[in-house]
There are 2 protein chains.
Amino acid sequence: MKIKDIAKLAGVSIATVSRVVNDKPGVRDEVREKVKEVIKEHEYKPNLIARGLSSKKSNIIGLLLPKFTAYYTEQVDAIINYCNQKGYRVMITSSVGRFEGELKNLNMLYKSQVEGILYFVGKMTEEKKENIEKINKEIPVVLLDQAIEELSIPAVLPDNYGGAVKAMNYLVNSGHKKIAFIKAPYYDLEGEKRYRAYQDIMKRNNFEIKEGYVQGSDYSIESGYKAMENILSKSDQMPTAVLASNDGTAIGAINYLREEGIEVPEDISVMGIDDIEIAKHFIPKLTTVKQDLYYVGDEAIKLLFDYIDNKDLKAKKLIVEQELVIRDSVRNLNDKL
Amino acid sequence: MKIKDIAKLAGVSIATVSRVVNDKPGVRDEVREKVKEVIKEHEYKPNLIARGLSSKKSNIIGLLLPKFTAYYTEQVDAIINYCNQKGYRVMITSSVGRFEGELKNLNMLYKSQVEGILYFVGKMTEEKKENIEKINKEIPVVLLDQAIEELSIPAVLPDNYGGAVKAMNYLVNSGHKKIAFIKAPYYDLEGEKRYRAYQDIMKRNNFEIKEGYVQGSDYSIESGYKAMENILSKSDQMPTAVLASNDGTAIGAINYLREEGIEVPEDISVMGIDDIEIAKHFIPKLTTVKQDLYYVGDEAIKLLFDYIDNKDLKAKKLIVEQELVIRDSVRNLNDKL
DNA sequence: GTGAAAGCGCTAACAT
DNA sequence: ATGTTAGCGCTTTCAC
């Protein structure tokens, strides 16, 4: 069934059918009803590809992810919901970490005539920056996870600096002075902000960052376990608390401590960042800083549509606040045990 | 840049450009090189929408999910990877649980001329069955999560019955006789199979399913907590082990037990199903049955392509085996403590 | 081996 | 208010 068939069946021209399909004015109610009837009876469904070609508007939003992991589900969920509800379709792409794949996928979206791209940056590189800048000249792009400081491209980011500050202040207010830190991978610019927050708060309080207190991770639970091991083995003074860059590494750290017979939070306090689902069910329930990822996704897609509607919009960088979630993994040293 | 511009620039016809773009024969090497050069220089990228209309082949696969949750990430990851690598794009859709939304999304995929649909069924209803049957007459559909017994539609399913049997046998071999069960939600047909396995194994061993031993859940951690509470309060004889329908409810159950001061696995053993990421990091490390979801997704997309290539293929229902993962949450009653 | 031309199924400008 | 028609950017016969 195509528009031509419906036109013939309804005894009108294809232009008229097109008008009623698209709810456009200029058709007598009587005729409109008749056409609608025929459409319904024959279950006519317009070919969106043809429509796209003709109208030069695809009604498709492109999504570009590095590897597809649980971290993205809420954001992607928000994006899909918003688009589907608005009558937009979303084309999703993931690059399994390899950069060539990412470039290929970016081009695929471009060739698909998507109206805008939501780009989850993941690991930022110079090459990537160039490509993003280039594509953004043709198609509106909104960045997630990481912004490009020097470029005027809209982005929505969690307030990682502010969130880490909140975490650190909570630790400090709970009486902790010897605080260790599990770092994000080096390429995560946003992770660097958390590290800066850690350093700033330590400095502001005149707490010394002892040797061995800062250990790296790749955000995995396993790397958190390893980092905790390093903190203990490489510090001559045991910390009373450790702030992990995400909940996963916090969980890994706790696991290591337990295996060593060190109680959390009695002996050492551990704090995470993210508030992933398991955080509130882990034992001890994880004290962390919440990042509302559904909200982040929602804001990002809205920003993208703003940007599509008004390409000249000043590129806006939206910072989403994080909020402290106090649970059981941090001990208040001011209290008696 | 469109094909016409390239043709002019290269001094050939658009047909020739089309041939080289699509790596088709019938072009002198010399000319082919020349055209490629021009394409490269001007970064010409073919408009896939136009190609789709002209060739009547969209190169798009549709994905239909109920709500988008962490459970789907691995499967979706596998699907996207496979498609992207094959030069296919994937259009993703999620229905936030509401059925009207699902029907709308199904039509959206249809109108988008997708070449095949991967349908994560979630909750099965009569209405849904009809719609699936109908759409499958036009577009190849492969079902995930749940099959429709009476319809000849390909599906790939985890072997939920077999998996639960493995879990139960492990419990039995570990000396457990008083085994409780946390059920899946009623609408999950696959969950029912796990329940049947539980009943069958209990019966085969002449173990009594005591009152209160079977409690419902909605798969959430919270509902597992609640189910465990019910098991304890409604049974006059405490079980020595409980099999949960998924890892989430197993974790909820363990949390409840710990709060009650009941040790796992010393006092009560708890076993899950799924092997979600946190399972191996939870304390105690969760004994469970592994369902390789990446594999499931991979098989599903392969099956879909088979189906697309050969629509008359006898609809195949692929059952993916599950495997026992022994960790620390089940006690062997045959051992001394 | 190469090009001209006829669509693909729509939308949108232009007539009427 | 309705119809005619010219594209949209490609692929694909069919001639040459």
Side-chain angles (χ1 to χ4, degrees), chain A residues 1-36 38-39 42-60 87 89 107-115 138-139, chain B residues 1-36 38-39 42-60 87 89 107-115 138-139:
Chain A
M1 270 296 141
K2 25 204 95 159
I3 200 169
K4 206 171 158 188
D5 304 317
I6 299 297
K8 193 163 295 173
L9 253 20
V12 298
S13 73
I14 63 169
T16 297
V17 176
S18 176
R19 286 187 191 103
V20 349
V21 167
N22 294 293
D23 272 321
K24 291 202 172 157
V27 184
R28 258 186 306 141
D29 283 3
E30 194 189 321
V31 178
R32 193 181 291 274
E33 282 318 309
K34 168 69 181 163
V35 172
K36 277 190 175 171
V38 177
I39 286 177
H42 295 83
E43 298 192 340
Y44 164 68
K45 310 231 171 55
N47 178 328
L48 263 26
I49 292 200
R51 167 136 73 202
L53 183 61
S54 171
S55 65
K56 296 173 144 312
K57 199 168 170 315
S58 69
N59 263 257
I60 301 179
R89 292 109 83 208
N107 281 328
M108 202 181 239
L109 292 178
Y110 177 81
K111 292 191 284 188
S112 300
Q113 316 296 119
V114 299
E115 293 181 26
E138 317 252 9
I139 305 175
Chain B
M1 270 297 141
K2 26 204 93 159
I3 199 169
K4 206 173 157 188
D5 304 317
I6 300 297
K8 194 163 295 172
L9 253 19
V12 297
S13 72
I14 63 170
T16 297
V17 177
S18 176
R19 285 186 191 103
V20 350
V21 167
N22 295 292
D23 272 321
K24 291 201 170 156
V27 182
R28 256 185 310 140
D29 284 2
E30 195 189 319
V31 178
R32 192 181 292 275
E33 283 318 307
K34 168 70 181 162
V35 172
K36 277 191 175 169
V38 177
I39 286 177
H42 294 83
E43 298 193 339
Y44 164 68
K45 310 229 171 57
N47 178 328
L48 263 27
I49 293 200
R51 178 184 287 174
L53 182 60
S54 171
S55 66
K56 296 173 144 310
K57 200 167 169 313
S58 69
N59 264 258
I60 300 179
R89 291 109 83 208
N107 281 328
M108 201 181 242
L109 292 179
Y110 177 81
K111 292 192 284 189
S112 301
Q113 315 297 117
V114 299
E115 293 182 26
E138 317 251 11
I139 304 175

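Since the structure is predicted, the reported quantities are computational estimates derived from the model, not experimental observations. Numbers restart at 1 for each chain; the letters A, B, ... are given by sequence-line order, proteins then strands.
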Could you give the NZ-to-C1' distance, from K34(B) to dT2(C), as a whole number of Å? 17 Å

Phosphate contact (dT2(D) OP1 or OP2) by S13(A) side-chain N/O below 4.0 Å: no

Using 0.5 Å steps for rounding, measure from the CG atom of L53(A) to the CD atom of Q113(A). 9.0 Å

When rounded to the nearest 0.5 angstrom, what is the spacing between CE in M108(B) and CZ in R89(A)? 7.0 Å

Choosing from dG9(D), dT2(D), dG3(C), which nucleotide comes nearest the side chain of V27(A)? dT2(D)

Does K24(A) make a side-chain N or O approach to OP1 or OP2 of dA12(C) shorter than 4.0 Å? yes

Counting just side-chain N and O atoms, does T16(A) come under 4.0 Å of either OP1 or OP2 of dG3(D)? yes

Counting only side-chain nitrogens and oxygens, does N22(A) get under 4.0 Å of the OP1 or OP2 atom of dT11(C)? yes

D5(A) CG - dG9(C) P separation (whole Å): 9 Å

Are N22(A) and R51(A) close enough that a side-chain donor and a side-chain acceptor fall under 3.5 Å? yes

Any base atoms under 4.0 Å from V21(B), or only sugar-phosphate, or nothing? Heavy atoms, all strands. nothing

Whole angstroms only, please: what is the CG-P distance between N47(A) and dC8(C)? 12 Å

Look at R28(A) and dT2(D) and indicate whether a side-chain polar atom (N or O) is within less than 4.0 Å of OP1 or OP2. yes

For I3(B), which of V21(B), I14(B), N47(B) qualifies under side-chain contact (heavy atoms from CB on, under 4.5 Å)? I14(B)

Proximal nucleotide (of dC8(D), dT11(D), dC14(C)) relative to the R19(A) side chain: dC14(C)

Please confirm whether the shortest side-chain N or O distance from K56(A) to OP1 or OP2 of dG9(D) is below 4.0 Å. yes

Would one find a side-chain N or O of Y44(B) under 4.0 angstrom from OP1 or OP2 of dC10(D)? yes

Any side-chain heavy atom of V20(B) within less than 4.5 Å of one from I39(B)? yes

Judged by nearest nucleotide, the residue sitting upstream toward the 5' end of DNA chain D, M1(B) or G26(A), is G26(A)

Atom NZ of K8(A) to atom P of dT2(D): distance rounded to whole Å? 20 Å

Could you work out which one of dT11(C), dG3(D), dC10(D) sits closest to the side chain of R51(A)? dT11(C)

On DNA chain C, nearest-nucleotide positions of S54(B) versus P25(B): which is more 5'? P25(B)

Roughly how many Å is it from NZ in K4(A) to P in dT5(D), rounded to a whole number? 13 Å

Is P46(B) touching bases, backbone alone, or none of the nucleic acid, heavy atoms closer than 4.0 Å? sugar-phosphate

Is I14(B) touching bases, backbone alone, or none of the nucleic acid, heavy atoms closer than 4.0 Å? base

Picking from dT12(D), dG3(D), dG9(C), the nucleotide nearest the side-chain atoms of S18(B) would be dT12(D)

Provide, to the nearest angstrom, the distance between the CD1 atom belonging to I3(B) and the P atom belonging to dC8(D). 14 Å

Can you check whether any acceptor in the base of dG1(C) is under 3.5 Å from a donor in the side chain of R32(B), or vice versa? no

When rounded to whole Å, the CG to P distance for the pair L53(A) and dG9(C) reads 12 Å

Are R19(B) and V12(B) side-chain neighbours, meaning at least one heavy-atom pair lies under 4.5 Å? no

Between P on dC10(D) and CD on Q113(A), what's the gap in Å once rounded to a whole number? 8 Å

